[in-house]
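Shown next, in structure tokens, is the structure this report addresses.
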Amino acid sequence: MDVSLSILTIDYAKIQESLAPLEEAYTHLHMDVMDGVFVSKISFGSDLIASLRKTTNIPIDTHLMIVEPEKHIEDFAKAGSDMITFHIEATEKVSQTIDLIRSFHLQVGIALNPETPISKIEPYLSKVDLVLVMSVHPGYGGQKFIPSVVEKLKSLKDLKKKKQLRFRISVDGGINNETILAVQPYADMVVSGSYILKNAHPKEELLKWKHIFPSDAI
Ligand code: DX5
Ligand code: ZN
């Protein structure tokens, strides 16, 4: 199991000093970009990604919660993202967005909100590297995991097997030491932010996850 650390709820004045001691304990850095339109809040843009890119070799997993993501792929690719995930609900140009991300030789992720059925992303599953299943409504860190998402994860994994596809499954929102147990049978990656960042021993917690659920990354 890979662990992508979301910095959404970090103290932005202390990003580097907070992240540096955790570095070997997580596998990806999850960057939640919000535009105030697709979700109500505005978070940060590509400049923060470009700055962090200079400080770490950890793969950067950029999660775009923005409308018309196709207009901004080049910017986020050039900032140093290794993987760019966009929302199926945010664009009419799904295939073009996938191809655009791929043209920068990056991994492609497609995200879906809790109420969006798997059938909406099904036509694109053979073209993506990752499906990001939202287990909270996008927009804020620190929300409670929505339990019905576990059933959706199971269906997605069954579909993947049935169609013999290779995409990885990531779960984003409300992941803590209990909810990780519920998603573990279906997820290749979890995104976690507030639970880790508020923990008194974040590194120990991340290492526990790493040891309990060894990565079987393909
Ligand atoms: C929600 C974001 C998530 C979230 C993860 O819109 O996409 O990445 O902040 O953080 P926690 O672990 O706090 O739910
Ligand atoms: Zn996210």
Side-chain angles (χ1 to χ4, degrees), residues 1-12 15 18-19 22 25-46 48-49 52 58-67 69 72 76 79 81-90 101 107-116 121 128-150 152-153 168-184 187-200 202-203 205-206 208-209 213:
M1 170 103 63
D2 283 354
V3 179
S4 197
L5 181 62
S6 162
I7 65 153
L8 190 59
T9 52
I10 209 163
D11 179 344
Y12 286 84
I15 295 185
S18 308
L19 292 182
L22 305 181
Y26 59 93
T27 59
H28 296 71
L29 199 53
H30 184 88
M31 302 294 286
D32 285 309
V33 178
M34 301 178 176
D35 65 354
V37 181
F38 183 71
V39 292
S40 57
K41 220 180 151 207
I42 296 175
S43 57
F44 49 76
S46 58
L48 181 62
I49 293 172
L52 288 177
I58 292 244
I60 294 183
D61 159 25
T62 297
H63 177 193
L64 297 179
M65 284 166 273
I66 65 175
V67 294
H72 303 277
F76 285 97
S81 305
D82 295 278
M83 168 155 60
I84 298 182
T85 297
F86 67 98
H87 274 260
I88 184 78
E89 306 89 357
I101 299 170
Q107 299 224 326
V108 181
I110 194 159
L112 74 171
N113 286 342
E115 65 278 6
T116 302
I121 57 164
V128 300
D129 302 295
L130 182 98
V131 175
L132 184 72
V133 177
M134 293 305 301
S135 41
V136 296
H137 295 288
Y140 297 92
Q143 300 181 73
K144 212 168 164 292
F145 180 84
I146 300 170
S148 60
V149 167
V150 174
K152 192 180 197 177
L153 288 168
R168 304 184 75 219
I169 299 176
S170 181
V171 191
D172 185 8
I175 296 295
N176 57 36
N177 63 350
E178 286 175 9
T179 54
I180 195 172
L181 297 173
V183 304
Q184 183 270 328
D188 305 292
M189 181 190 282
V190 289
V191 177
S192 188
S194 51
Y195 176 75
I196 294 297
L197 295 171
K198 282 191 191 141
N199 202 287
K203 187 168 186 179
E205 197 65 24
L206 285 167
K208 233 190 277 169
W209 289 3
F213 313 116

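Each ligand, and each atom within it, is numbered from 1 in the order the structure gives.
Ring-plane geometry between F38 and H87 is classed as tilted, the angle between the planes lying from 30 to 60 degrees on a 0 to 90 degree scale.
Within the 3.5 Å criterion, the main-chain N or O of V3 finds a donor-acceptor partner in the side chain of T27. The closest donor-acceptor contact from the side chain of T9 to the backbone of G141 lies at 3.5 Å or more, if one exists at all. With hydrogens and angles disregarded, no donor-acceptor distance shorter than 3.5 Å links the side chain of S135 to the backbone of I146.
Atoms CG and CD1, on D82 and I49 in that order, are 10.5 Å from each other to the nearest 0.5 Å. Rounded to the nearest 0.5 angstrom, H28 NE2 and L5 CG are separated by 12.0 Å. How far CG of L64 is from OG1 of T62: 6.5 Å, rounded to the nearest 0.5 Å.
Per residue H63, closest N, O or S atom to the Zn ion (ligand 2): atom name ND1. The name of the N, O or S atom in D32 nearest to the Zn ion (ligand 2) is OD1.
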Distances only, to 0.1 Å: what are the N or O pairs between ligand 1 and the protein that fall under 3.5 Å?
residue  : atom   : partner : partner atom : Å
ligand 1 : 6 (O)  : G139    : N            : 2.8
ligand 1 : 7 (O)  : D32     : OD1          : 2.9
ligand 1 : 7 (O)  : H63     : ND1          : 3.3
ligand 1 : 7 (O)  : D172    : OD2          : 3.0
ligand 1 : 8 (O)  : H30     : NE2          : 3.4
ligand 1 : 8 (O)  : D32     : OD1          : 3.1
ligand 1 : 8 (O)  : D32     : OD2          : 2.8
ligand 1 : 8 (O)  : D172    : OD1          : 2.7
ligand 1 : 8 (O)  : D172    : OD2          : 3.1
ligand 1 : 12 (O) : G193    : N            : 2.8
ligand 1 : 13 (O) : G142    : N            : 2.8
ligand 1 : 13 (O) : S194    : N            : 3.0
ligand 1 : 13 (O) : S194    : OG           : 2.5
ligand 1 : 14 (O) : G174    : N            : 2.9

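The angle that H30 NE2 and D172 OD2 make at the Zn ion (ligand 2), rounded to 10°, works out to 100°.
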